[in-house]
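Labels below follow one simple rule: chain letters A, B, ... track the order of the sequence lines, proteins then strands, and each chain is numbered from 1. Since we're looking at a predicted model, the values are computed, not measured.
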Amino acid sequence: MFQIQTLQPTYLPPPFHHQRHRIHAASRPSSTTLAVPLSTSNKNPSIQSLCKKGQLKQAIYLLTHEENPIQHTYELLIRSCAQQKNLSDAFTVHRHLIDNGFDEDPFLATKLIDMYSELDSIQHARKVFDEITNKTIYVWNAIFRSLSLSGYGEEVLSLYRKMNRIGMPSDRFTYTYALKACVVSESRISLLCHGKEIHAHILRHGYEGHVHVMTTLVDMYAKFGCVENASFVFSSMPVKNLVSWSAMIACFSKNGRPFEALELFREMMLESGDMLPNSVTMVSVLQACAAVSALEQGKLIHGYILRNGLDNILPVMSALVTMYARCGDLDLGRNVFNQMEKRDIVSWNSLISSYGIHGLGSEALAVFQEMVQQGMSPSPISFVSVLGACSHSGLVDEGKLIFDSMVKEHGIHPTVEHYACMVDLLGRANRLDEAAKLIADMRDEPGPKVWGALLGSCRIHCNVELAERASRRLFELEPRNAGNYVLLADIYAEAKMWDEVKRVKKLLEARGLQKVSGCSWIEVRRKIYSLKSTDELNPQIEQIHALLVNLSKEMMEKGYVPQTKVVLYDLDAEEKQRIVLGHSEKLAVAFGLINCSKGETIRITKNLRLCEDCHSFTKFISKFANREILVRDINRFHHFKDGECSCRDYW
DNA sequence: ATAGGGTTAG
């Protein structure tokens with residue numbers, strides 16, 4: 001897997017004109033240095049100044065005429081080669097250094113390792129490391145750093161074990177690099193157990209108070225999704241700084257726990273007045289606001305960003321665009337995008353997917369075209385965004401054209417994720433056979449995302465046969481994802497195959513899994529209220545239920561028919577009606593009607609896909625109560641107005 | 001003697 005290559009002969013520098021004796025730097029007679037004091041002091045500054053000016057070739061020319069190059073000269077040249085990204089010059093300097101007896105200089109070895117690493121030539125870095133006998137801790141750490149940056153996590157860990165075996169003590173840097181190595185590995189096996197082992201070493205050697213080491217540890221657990229471990233380490237830290245807090249906030253944000261991210265941010269602002277959040281902190285906080293649709297909180301953060309001059313930082317601005325769009329305010333997101341002085345691919349992708357989740361497929365396509373016209377090369381994520389947008393708006397032919405253009409026009413090979421988008425696009429449009437054929441024709445192994453997209457489409461169009469095929473694969477690939485079992489049970493329930501429903505439910509129980517319960521939430525005056533169908537905590541719950549019962553009665557007179565096929569129990573019609581009326585989204589609608597002022601759009605977010613009954617119920621309400629209602633489900637937005645929904649019943 | 005580290009957008 002990891003191979004060390006020797007120097008490529010084509011890159012080898014030509015032989016030197018003046019072959020010199022190999023003299024060890026330390027054993028060089030001092031008289032030699034004294035004999036040419038002028039030449040040394042004249043030439044060294046000039047090599048130095050040439051390096052500074054970026055005139056590497058001239059500097060190397062001077063080097064070949066240099067009588068007594070010193071360590072510092074090589075240091076400057078090495079740095080210059082790295083900056084100029086010039087590998088063949090790097091070889092020249094390296095060779096020269098060896099010929100002058102500096103090949104056992106550990107200081108220069110670390111510099112060489114760093115240089116080769118920056119030149120994307122990890123094999124040569126490794127060769128320097130292997131060949132130096134005097135491996136100081138700096139040399140070890142340098143190769144760890146380089147290997148980690150190139151993604152060779154396992155190689156780092158194997159060297160780390162070797163280092164421990166030979167009794168070379170680690171220092172604080174070793175620990176941070178070794179921890180990083182656990183999360184950068186390209187192989188699919190989890191190196192979490194190694195991370196835990198290093199955690200133990202850190203404690204054993206008394207680094208539990210070291211803020212850098214401990215923050216890296218928090219981040220290591222965060223990257224593995226071990227939120228509890230990360231949180232435990234974080235709270236055990238005697239000293240925390242802004243980076244530690246930011247790492248923990250990012251941990252909550254990235255692992256689907258946005259409320260805790262926001263809570264920790266609040267705590268940070270309260271506890272430590274001297275710590276001012278920076279752009280990195282802001283990005284994680286904005287993601288959390290986006291996840292929970294905390295529009296008002298997001299606006300406050302936006303204000304902070306403007307006041308503190310963070311509004312020229314691209315990651316912050318892209319996160320703002322996404323935050324506004326995901327909080328339901330596409331226009332504010334567009335404004336932020338328009339005001340950006342510079343845009344990178346991520347900014348464009350943010351805008352494209354913003355249009356996508358609002359169901360504005362043609363607009364997303366237009367932005368994509370505009371971006372390409374401006375000379376910006378689309379990234380793989382651009383295609384995920386634009387294909388997703390096509391999917392939500394049913395733009396099947398447009399999506400297929402884009403998919404074909406990936407390789408043909410942009411040289412980007414579709415990944416499993418892109419196939420998942422296409423399966424979703426075709427499947428939603430009830431072209432399930434085409435979707436199945438696309439999967440069959442895939443060169444890579446279709447992963448859970450692809451089969452999941454197919455199963456989701458089978459749910460929409462109630463295709464039992466294909467659903468069974470998809471779920472069989474899914475149960476193998478991700479046996480612990482409860483959502484797949486529920487989808488299959490839904491499909492059986494709709495087909496009234498009650499025995500099969502029972503069988504799937506038993507399977508779910510046998511594996512110790514639970515259906516994710518529906519939850520909806522709504523922001524009222526900067527506070528977020530979440531509602532669950534089983535929730536008796538809301539003080540207004542009786543008022544809410546009463547309102548819903550009345551509304552449904554009145555609406556049924558006007559033609560609303562409860563869609564009870566989503567209920568997974570074989571119950572009588574009335575019981576089923578009672579169950580669907582308790583869905584969390586309807587509770588949130590009622591809560592919004594009670595607590596939001598007239599004319600204000602009611603904005604609701606929920607953790608699952610909108611069920612058909614809630615969809616038709618909310619359409620009715622929007623007309624009946626003359627209210628605009630904006631609902632974000634797990635996939636997209638539904639904008640209800642005058643009895644219609646922006647998704648045109650295609651979701 | 002010298003040198004090096006942790007959090008970030010779709």
Side-chain angles (χ1 to χ4, degrees), chain A residues 70-72 74-75 78-79 105-115 117 136-146 148-149 171-180 183 207 210-220 222-223 230 233-234 237 239-254 261 264 268 275 277-287 290 310 313-323 325-326 333 336-337 340 343-357 364 371 378-386 388-389 417:
Chain A
I70 57 167
Q71 190 194 45
H72 184 58
Y74 287 119
E75 187 193 351
I78 289 168
R79 194 187 304 155
D105 183 331
F107 176 76
L108 289 181
T110 66
K111 295 291 165 198
L112 283 167
I113 290 170
D114 285 343
M115 174 192 75
S117 167
T136 63
I137 187 64
Y138 287 98
V139 177
W140 283 97
N141 289 344
I143 195 66
F144 289 164
R145 186 168 56 241
S146 303
S148 278
L149 281 174
D171 70 0
R172 58 209 177 170
F173 292 96
T174 319
Y175 291 125
T176 61
Y177 299 138
L179 287 172
K180 263 241 154 342
V183 298
Y207 282 94
H210 194 285
V211 69
H212 275 130
V213 172
M214 296 310 274
T215 303
T216 315
L217 198 48
V218 168
D219 186 54
M220 187 273 291
K223 297 267 155 71
V233 172
F234 178 75
M237 286 172 69
V239 187
K240 302 183 182 97
N241 61 18
L242 179 61
V243 182
S244 331
W245 285 88
S246 302
M248 193 61 224
I249 292 168
C251 173
F252 284 131
S253 262
K254 281 268 154 74
L264 193 66
M268 179 184 116
M275 250 183 330
N278 62 13
S279 65
V280 183
T281 329
M282 291 296 93
V283 167
S284 295
V285 173
L286 285 172
Q287 286 174 327
L310 300 174
I313 295 170
L314 281 171
V316 173
M317 298 312 273
S318 299
L320 265 177
V321 173
T322 303
M323 183 278 291
R326 293 196 67 201
V336 171
F337 181 86
M340 288 171 74
R343 291 167 192 145
D344 63 1
I345 188 65
V346 183
S347 336
W348 286 95
N349 293 347
S350 305
L351 191 65
I352 293 168
S353 52
S354 297
Y355 280 116
I357 55 169
M371 174 186 91
S379 71
I381 306 271
S382 312
F383 290 101
V384 173
S385 310
V386 77
E417 183 132 7

Inset, instruction - Check whether any side-chain N or O of A/Ser253 sits under 3.5 Å from a backbone N or O of A/Ser284 as a donor-acceptor pair, and report yes or no. - result: yes
Legend entry - From B/dT2, B/dA9, B/dT7, nucleotide with atom closest to A/Gln71 side chain: B/dT2
Inset, instruction - Check whether the aromatic ring of A/Tyr138 stacks on the base of B/dA3, taking stacking as ring centres less than 5.5 Å apart and planes within 30° of each other. - result: yes
Inset, instruction - Report yes or no: is the ring centroid of A/Phe107 under 5.5 Å from the six-membered base ring centroid of B/dT2, with the two planes under 30 degrees? - result: yes
Inset, instruction - May I have the distance from A/Leu242 (atom CG) to B/dT7 (atom C1'), rounded to whole angstrom? - result: 8 Å
Inset, instruction - Can you figure out which of B/dG10, B/dT8, B/dT7 approaches the side chain of A/Val243 most closely? - result: B/dT7
Inset, instruction - May I ask you to verify if any side-chain N or O of A/Gln287 is less than 4.0 angstrom from the OP1 or OP2 atom of B/dG10? - result: yes
Legend entry - Of residues 173-180 of chain A, the positions that come close to DNA chain B - non-hydrogen atoms, cut-off under 4.0 Å: A/Phe173, A/Thr176, A/Tyr177, A/Lys180
Inset, instruction - Return yes if some donor-acceptor pair links the side-chain N/O of A/Ser382 with the main-chain N/O of A/Ser379 below 3.5 Å, else return no. - result: yes
Legend entry - Rounded interatomic separation in angstrom, taking CE from A/Met275 and P from B/dT7: 17 Å
Legend entry - Closest to the A/Ala247 side chain, choosing from B/dG10, B/dT7, B/dG5: B/dT7
Inset, instruction - Nearest whole angstrom, please: distance from the P of B/dT2 to the CG of A/Asp105. - result: 14 Å
Legend entry - Rounded distance (nearest 0.5 Å) linking atom CG of A/Leu217 with atom CG of A/Leu179: 5.5 Å
Legend entry - Side-chain donor/acceptor contact of A/Thr215 with base of B/dG5 under 3.5 Å: no
Inset, instruction - Please identify each residue that fulfils ring pair (Phe, Tyr, Trp, His ring centres under 6.0 Å) with A/Phe234, with sequence neighbours left out. - result: A/Trp245
Legend entry - Whole-Å gap separating P (B/dA3) and CG (A/Asp171): 14 Å
Inset, instruction - Find the distance A/Glu417:CD to B/dG10:C1' and express it as a whole number of Å. - result: 10 Å
Inset, instruction - Please state how far atom CG in A/Asp219 lies from atom C1' in B/dG5, giving the value in whole angstrom units. - result: 12 Å
Legend entry - Candidates B/dA3, B/dT7, B/dA9 - which lies nearest the side chain of A/Thr110: B/dA3
Legend entry - Approximate separation, where rounding is to 0.5 Å, of A/Asp219 CG and A/Met214 CE: 13.5 Å
Inset, instruction - Return no unless some side-chain N or O of A/Lys223 is found under 4.0 Å from OP1 or OP2 of B/dT8. - result: yes
Legend entry - Partners passing side chain to side chain donor-acceptor pair (under 3.5 Å) against A/Ser246 (at least two apart in sequence or in another chain): A/Thr281
Inset, instruction - Return yes if some donor-acceptor pair links the side-chain N/O of A/Ser353 with the main-chain N/O of A/Asn349 below 3.5 Å, else return no. - result: yes
Inset, instruction - Please state how far atom CE in A/Met220 lies from atom P in B/dG6, giving the value in whole angstrom units. - result: 15 Å
